[in-house]
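Down below is the structure, laid out as structure tokens.
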Amino acid sequence: MSPEPEHTHRLVPAEDGSGVTLLTLHGTGANEDDLVPLGKELLPGAAILSPRGKVLENGMPRFFRRLAEGVFDEEDLVARTHELAAFVESAVEEYGLDPAKIVAVGYSNGANIAASLLLLHPGLLRAAVLFRSMVPFELETTPDLAGTPVLMAAATGDQIIPPDNAERLAGLLKEARAEVSLKWKQAGHALTYEEVEEARAWLSEVITDLS
Ligand code: MLT
């Protein structure tokens, strides 16, 4: 018997036949409800699995601990990534989701743990949208992410994620043979409407190739 999913989470059942589940991963200080509207906008009708990060930083939920802004507690990050992967696997069983069609959509801290999931659990995610993400940790071995489309939405004026760090993450993912599309905007850490629109268009193309 599989363990109960251990993250507080929301599950929005699918209303279409695509079989896709969006795994929405929020930023620092948000929760399992906050990205549900974004998920609905990005891929209307898809199932949404939306966990809440288990770490609290001054009362704000996150997916892993950090020592300072942009300085991650790598041991915690790796452990939390495995824990999140186990949650996804048990939720797949619990809710009868298609394990081959889990697509991550992460923002900021959520995008960073999505990047970590890609690198530590290749094959778990069929595709990923990373809004404002950076290199989660230094890789010891390069995973094989061939056939995994990844959209990275980065901003030149991001106060939290240095542009060269986002470039470096794109480089790592490319080295792992992911199909990376890195899009730059002249914006800050907050997402722009245009980027949501671009992600929606990108996802609808990616999804067509899945079915
Ligand atoms: C992180 O801690 O994951 C990044 O610095 C982004 C954020 O502020 O959450």
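Read the numbers this way: they start at 1 and go in the same order the structure lists the ligands and their atoms.
Using modelled atom types and a 3.5 Å distance limit, the side chains of D34 and H26 yield no donor-acceptor pair. Using modelled atom types, one finds no donor on one side chain facing an acceptor on the other under 3.5 Å when comparing R132 with S108. For the 3.5 Å distance criterion, the side chains of E195 and T192 qualify, holding a donor opposite an acceptor.
Protein heavy atom in closest approach to atom 8 (O) of ligand 1: R66 NH1, 3.1 Å.
Within the structure, ligand 1 has R62 among the residues with a heavy atom less than 4.0 angstrom away. F64 counts as a contact of ligand 1, since one of its heavy atoms falls under 4.0 Å from the ligand.
Between D76 and the choices K54, R66, R62, R65, the salt bridge (charged side-chain N to carboxylate O under 4.0 Å, His left out) rule is met once, by R65.
Relative orientation of the F72 and F64 rings is perpendicular, given thresholds of 30° and 60° on the angle between their planes.
Each of the following atoms of ligand 1 lies closer than 4.0 Å to a heavy atom of T28: 7 (C), 8 (O), 9 (O). The distance from ligand 1 to the heavy atoms of S108 drops below 4.0 Å at these ligand atoms: 6 (C), 7 (C), 8 (O), 9 (O).
Among N112, I161, N109, the residue whose heavy atom lies nearest to atom 4 (C) of ligand 1 is N112.
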